[in-house]
Amino acid sequence: MQEVETYEMTDIPEYQMVSSKAALSKALKKCDGPAALDFETTSLSPADGRVRLVSICNKRVQILVDFDQIRGGFNGVAHLFGDGEWIVFNKGFELRWFIAAGCPKTRCRDVGNLRKAILGGGNYKLMQLLHWDLDIEMDKSEQVSNWAAAQLTQSQLDYAYLDADRTWRLWNYWSDQADADHWRCMAMFDNMVPAVIEMEETGIMLDVKQHKKLVKHWQVIKDEKTAAIRDMVSEDEVVKITSDAQWSDYFARNMPDSFLKGWTRTEKTGQLSMRGETLRKLAGAAPGTPLETFFDTLADFKTISKYLSSFGDSLTKKAELTKDKRIRARFNIGAAKTGRFSSSGPNLQQIPRDKELLGEHTSVRKSFVAGIGRKLVSLDYSGIELRVLALLSDDDQLLQDMVEGDIHSEVATRITGRTITKDSCKTNKDDKAARSAAKGVSFGIIYGSGAAGLAVNMRTSLDNAQGYIDFWADRYPNAFNLRYEVMDEVSRTKFIRMVDGGTVYMGAKPDLPKCSNYPVQRAALALLARAIVRHKHSLDALRERGRHRLTAFIASIHDALIDEAASADCEELLKIMEDDMVQGYLDVFPGAPIDNLVEGGIGPNWGELD
DNA sequence: AACGAGCGCGCG
DNA sequence: AAAGCGCGCGCTCGTT
């Protein structure tokens with residue numbers, strides 16, 4: 001309490017209160033160019049709240065508007081903002097309120113996105129940026145105060161105005177450093193906001209009954225595994241079977257040094273690693289012994305526990321919180337350093353693929369369904385990172401192998417010396433293993449791996465790994481050399497310039513090997529961004545003409561788009577989506593080959609799309 | 001009780 | 001000179 005009262009008035013810049021439509025109109029006209037804008041609202045969502053205050057700040061105008069003083073409130077005057085250019089932080093928030101007020105075309109630009117265009121992505125709060133960029137400390141204690149109160153306190157008003165002031169200063173700071181390409185990149189991020197709002201508001205339906213059945217089954221398995229483990233190790237020896245640290249202590253106490261010697265250790269604390277992969281390896285090293293059973297059972301337990309804690313009741317509960325049983329996750333634009341999206345609350349980008357789980361086919365994605373009378377429509381860019389690598393590095397051989405066939409089979413064929421195809425992998429186990437190894441090599445190369453890393457990851461000798469790399473570098477010299485060009489650029493400039501015009505700052509002492517994949521990952525994001533914007537426009541145009549009334553954009557997962565639509569509309573929608581994705585790719589790589597670029601289909605749920 | 005570090009693991 | 005990228009989240013455990 002005391003701290004809030006000692007607020008220093010000298011810190012508050014001067015601003016005018018505006019409480020009439022006429023005064024607001026006059027002030028907005030006076031802005032004459034971009035101005036920072038910030039809302040204080042009575043709730044986080046337009047569905048159950050209203051805009052109480054807007055603060056506006058640029059060189060000419062510094063005002064705070066109380067919409068409770070204006071007839072019709074914010075919604076009655078929102079159209080007055082139609083001519084302006086509004087600088088905001090977290091555009092998704094402000095734009096939602098403009099959309100709800102019937103003004104979806106209001107021009108908002110996100111200062112966070114300008115920063116991302118220059119430094120690279122991240123998921124930051126305004127307070128952090130003010131601290132890092134302007135060395136300003138902000139008191140956010142009023143942020144959650146009651147913005148519906150009849151009489152707002154002076155402290156609330158000052159707080160509300162300050163946000164616009166700070167946003168404006170941040171905007172000036174970053175505009176001064178932006179070049180034309182940075183502005184182009186900022187627009188790429190900004191333009192995705194309407195599509196993201198649609199995805200976040202629509203959500204994806206969970207078949208709660210189906211999912212509960214699945215979770216119940218997992219629970220039975222977990223109970224079995226728990227009992228089996230407890231038969232072998234009592235509570236006296238390991239109190240908590242979910243504790244990796246306790247298992248580490250237990251094995252350190254009970255196993256001979258010869259056994260412990262080869263056990264992988266954790267990075268920071270040097271404990272015995274309890275990764276599933278490590279446990280499986282230990283099991284494999286003791287065939288036919290109780291130890292094999294034990295390590296396998298512990299690994300099984302960890303797997304099923306992961307599914308239960310990450311993809312079990314937490315998803316059901318999220319769905320049951322809503323009336324329509326839909327899960328509404330967030331899609332955070334430019335949240336990754338490379339500019340990729342992240343997803344949170346829940347993270348829909350990490351829902352398990354269908355697979356054999358402990359000996360039986362398991363599909364979590366089947367729990368994510370289309371509504372009644374509807375289907376899901378989904379397309380992926382196929383092998384987009386390798387394709388992008390070929391295009392960025394101008395590697396004709398890699399491009400040809402990507403476009404004309406199956407690159408992993410191609411590499412496998414060259415490495416083994418015998419012809420391997422996707423078909424031959426279906427019948428020949430060795431071919432399948434060789435193709436999988438080839439895949440490992442190509443991904444290793446994309447991620448800038450050396451022979452040592454590749455050897456560990458592929459569980460092969462250093463010589464073998466080096467041989468693979470040599471082969472790859474020989475066949476795809478331009479693609480292979482891209483990493484050296486990127487590292488050279490970073491060591492000279494500390495920045496990487498991306499295909500969309502943005503730059504990524506790698507720090508004063510850049511970690512060179514880390515960044516060789518950044519331009520590739522970023523280019524894949526850039527073409528997805530173009531596809532997202534195009535697709536949103538396509539859907540809006542259809543719906544404005546009264547068609548596709550039930551169609552909605554519901555998700556984007558790195559290289560994929562997902563829609564939900566009335567069954568009768570799906571075939572047409574699939575074609576539209578395909579076109580939007582192809583054109584998005586061509587926006588970034590004009591004239592590039594489009595053969596076999598996208599794949600996917602239509603289905604009743606996320607697990608069955610064909 | 002709240003928080004951060006460390007670990008592990010799901011996805012592209 | 002080196003050298004496998006990018007996320008979010010659940011859990012445990014020590015600290016405050």
Side-chain angles (χ1 to χ4, degrees), chain A residues 120-123 239-249 264-279 299 302-315 318 329-332 334-355 357 362 364-365 380-386 388-389 440-458 465-466 469 483-484 486-487 490-491 496 504 509-522 524-525 528 555-560 606:
Chain A
N123 210 356
V239 180
K240 234 180 158 52
I241 67 174
T242 47
S243 167
D244 289 352
Q246 290 182 25
W247 281 115
S248 173
D249 287 348
T264 314
R265 299 275 173 167
T266 62
E267 164 138 22
K268 305 279 182 191
T269 61
Q271 292 176 104
L272 301 172
S273 168
M274 289 298 145
R275 298 175 53 209
E277 190 197 346
T278 305
L279 297 175
K302 287 171 70 78
T303 302
I304 205 71
S305 298
K306 169 76 175 177
Y307 270 64
L308 274 163
S309 61
S310 293
F311 312 112
D313 290 339
S314 60
L315 290 179
K318 274 260 190 300
R330 295 167 63 172
F331 291 92
N332 311 304
K337 186 81 180 156
T338 55
R340 289 221 297 199
F341 278 93
S342 77
S343 166
S344 54
N347 178 357
L348 283 186
Q349 294 178 330
Q350 60 163 176
I351 301 301
R353 302 181 68 98
D354 292 12
K355 63 167 80 149
L357 188 74
T362 302
V364 183
R365 293 188 177 193
D380 301 10
Y381 285 109
S382 72
I384 195 61
E385 289 210 354
L386 278 165
V388 156
L389 172 59
V441 175
S442 295
F443 275 99
I445 302 284
I446 281 193
Y447 299 149
S449 174
L454 198 60
V456 170
N457 216 271
M458 296 179 62
Q466 189 60 57
I469 292 177
R483 64 166 71 174
Y484 299 111
V486 176
M487 287 191 279
V490 171
S491 46
I496 312 175
V504 172
K509 289 179 187 161
D511 192 355
L512 296 186
K514 254 194 145 80
C515 60
S516 52
N517 185 47
Y518 282 27
V520 175
Q521 198 173 100
R522 177 58 164 272
L525 175 277
L528 182 81
S556 166
I557 314 221
H558 301 309
D559 61 356
W606 195 5

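Naming convention: chains lettered A, B, ... in sequence-line order (proteins, then strands); numbering from 1 in each chain. Bear in mind the structure is a predicted one, so any value in this text is a computation, not a measurement. As a basis for the values below, the full set of heavy atoms in this structure was taken, side chains included, without hydrogen atoms, waters or symmetry mates.
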Asker: Of the options B:dG10, C:dG10, C:dC13, whose atoms approach the side-chain atoms of A:Lys240 most closely?
Answerer: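 Within the option list, the nearest is C:dC13.
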
Asker: Looking across every strand, which nucleic acid part, if any, lies under 4.0 Å from A:Gly453 by heavy atom: base, sugar-phosphate, or nothing?
Answerer: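 Base contact - A:Gly453 has a heavy atom under 4.0 Å of at least one base atom.
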
Asker: Using whole Å, report how far CG of A:Leu279 lies from P of B:dC7.
Answerer: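 In whole Å, B:dC7 P lies 16 Å from A:Leu279 CG.
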
Asker: How close or far is atom C1' of C:dG10 from atom CD1 of A:Ile241, stated in whole angstroms?
Answerer: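 Those two atoms, CD1 and C1', are 16 Å apart.
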
Asker: When you measure from the side chain of A:Gln466 to the backbone of A:Ala451, do you find a donor-acceptor pair of N or O atoms at a distance under 3.5 Å?
Answerer: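 Judged by distance alone, no pair lies under 3.5 Å.
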
Asker: Under a 3.5 Å threshold, yes or no: a donor from one side chain and an acceptor from the other, between A:Thr338 and A:Gln521?
Answerer: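 Yes, a side-chain donor-acceptor pair sits under 3.5 Å.
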
Asker: Is A:Ser310 near enough to C:dG8 that one of its side-chain N or O atoms lies under 4.0 angstrom from OP1 or OP2?
Answerer: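 Checking C:dG8 against A:Ser310, no side-chain N or O comes under 4.0 Å of OP1 or OP2.
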
Asker: Distance check needed: B:dC11 P versus A:Leu528 CG, whole Å only.
Answerer: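 Nearest whole value for this atom pair: 19 Å.
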
Asker: How would you label the contact of A:Phe443 with the nucleic acid (heavy atoms, under 4.0 Å): base, sugar-phosphate, or nothing?
Answerer: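 The residue A:Phe443 makes base contact.
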
Asker: Quick one: does any side-chain atom of A:Arg483 pair with a main-chain N or O of A:Ser449 as donor and acceptor, under 3.5 Å?
Answerer: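 Checked: pair present.
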
Asker: Under 4.0 angstrom, heavy atoms only, what part of the nucleic acid is A:Gly345 near: base, sugar-phosphate, or nothing?
Answerer: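 Sugar-phosphate: the residue A:Gly345, judged by heavy atoms under 4.0 Å, touches backbone atoms but no base.
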
Asker: So if I take residues 266-275 of chain A and measure heavy-atom distances to DNA chain C, which residues fall below 4.0 Å?
Answerer: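 Result for residues 266-275 of chain A: none.
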
Asker: Roughly, in whole Å, what's the span from NZ in A:Lys306 to C1' in B:dC9?
Answerer: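 After rounding, the gap between these two atoms is 4 Å.
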
Asker: Would you say the base of C:dC5 and the side-chain of A:Lys514 have a donor-acceptor pair closer than 3.5 Å?
Answerer: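 Per atom types, no contact qualifies.
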
Asker: Ring-plane angle category for A:Tyr447 and A:Phe443, please: parallel below 30°, perpendicular beyond 60°, tilted otherwise.
Answerer: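 A:Tyr447 vs A:Phe443 ring planes: tilted.
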
Asker: Looking only at the side chain of A:Phe311 (C-beta and beyond, no hydrogens), which of the listed nucleotides C:dC5, B:dG10, C:dC13 gets closest?
Answerer: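 So the nucleotide nearest the side chain must be B:dG10.
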
Asker: Counting distance only, does the side-chain N/O of A:Ser248 pair as donor-acceptor with the main-chain N or O of A:Asp244 below 3.5 Å?
Answerer: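 Checking the backbone N and O of A:Asp244 against the side chain of A:Ser248, no donor-acceptor pair under 3.5 Å is found.
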
Asker: With a 4.0 Å cut-off on heavy atoms, is A:Arg365 in touch with a base, just the backbone sugar-phosphate, or nothing at all?
Answerer: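 Sugar-phosphate, no base atom in range.
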
Asker: Side chain of A:Ser243 only, please: which of C:dC5, C:dC13, B:dG10 is the nearest?
Answerer: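 Nearest to the side-chain atoms of A:Ser243, counting from C-beta on, is C:dC13.
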
Asker: Taking OP1 and OP2 of C:dC11, is either one under 4.0 Å from a side-chain nitrogen or oxygen of A:Thr242?
Answerer: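 Answer is no, no contact under 4.0 Å.
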
Asker: Measure from CD on A:Gln246 to C1' on C:dG14 and round the result to the nearest Å.
Answerer: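 Atom CD in A:Gln246 sits about 14 Å away from atom C1' in C:dG14.
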
Asker: Please round to the nearest 0.5 Å and tell me the distance separating atom SG of A:Cys515 and atom NZ of A:Lys337.
Answerer: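 Spacing of SG (A:Cys515) from NZ (A:Lys337) equals 11.0 Å.
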
Asker: Any sub-3.5 Å donor-acceptor pair from A:Asp380's side-chain atoms to A:Ser382's backbone N or O?
Answerer: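 No, because the side chain of A:Asp380 does not come within donor-acceptor range (under 3.5 Å) of the backbone of A:Ser382.
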
Asker: Applying a 4.0 Å non-hydrogen cut-off, can you work out what A:Arg353 is touching in the nucleic acid: base, sugar-phosphate, or nothing?
Answerer: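 Sugar-phosphate contact only - A:Arg353 comes under 4.0 Å of backbone atoms but never of a base.
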
Asker: Rounded to the nearest 0.5 Å, what's the gap from CG on A:Leu528 to OG on A:Ser556? Could you check?
Answerer: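 Answer rounded to 0.5 Å: 4.0 Å.
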
Asker: Could you check how far OH of A:Tyr307 sits from P of B:dG8, rounded to whole Å?
Answerer: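 To the nearest whole Å, that distance equals 19 Å.
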
Asker: Taking A:Ser343 for the side chain and A:Arg330 for the main chain, is one N or O donor matched with an acceptor at less than 3.5 Å?
Answerer: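 A pair under 3.5 Å: yes.
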
Asker: Now, which nucleotide makes the Watson-Crick or G-U wobble pair with C:dC9, with each of the two distances under 3.5 Å?
Answerer: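 When the pairing criteria are applied, B:dG8 turns out to be the nucleotide that pairs with C:dC9.
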
Asker: Side chain of A:Leu512: nearest nucleotide among C:dG8, B:dC11, C:dA2?
Answerer: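 Nearest to the side-chain atoms of A:Leu512, counting from C-beta on, is C:dA2.
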
Asker: Is A:Asn123 near enough to C:dG8 that one of its side-chain N or O atoms lies under 4.0 angstrom from OP1 or OP2?
Answerer: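 Looking at the OP1 and OP2 atoms of C:dG8, one of them is under 4.0 Å from a side-chain N or O of A:Asn123.
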
Asker: Taking donor-acceptor contacts at under 3.5 Å, does the side chain of A:Gln349 reach the base of C:dC7?
Answerer: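 No, no donor-acceptor pair under 3.5 Å.
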
Asker: Check every atom of C:dG10, C:dG8, B:dG12 against the side chain of A:His558 and return the nucleotide holding the closest atom.
Answerer: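 Per side-chain heavy atoms of A:His558, the pick is B:dG12.
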
Asker: Would you tell me if any nitrogen or oxygen in the side chain of A:Lys337 comes within less than 4.0 Å of OP1 or OP2 on C:dC7?
Answerer: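 Checking A:Lys337 against C:dC7: no side-chain N or O falls below 4.0 Å of OP1 or OP2.
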
Asker: Establish whether the base of B:dG12 is bridged to the side chain of A:Arg340 by a donor-acceptor pair shorter than 3.5 Å.
Answerer: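 Side chain to base: pair present.
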
Asker: How close or far is atom P of C:dA3 from atom CG of A:Leu454, stated in whole angstroms?
Answerer: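 Whole-Å distance recorded here is 13 Å.
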
Asker: Mind checking if A:Ser516 touches a base, just sugar-phosphate, or nothing, with heavy atoms under 4.0 Å?
Answerer: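 Nothing: the residue A:Ser516, judged by heavy atoms under 4.0 Å, touches no strand.
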
Asker: Separation of A:Phe341 atom CZ from C:dC7 atom C1', in whole Å?
Answerer: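 So the two atoms are 13 Å apart, to the nearest Å.
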
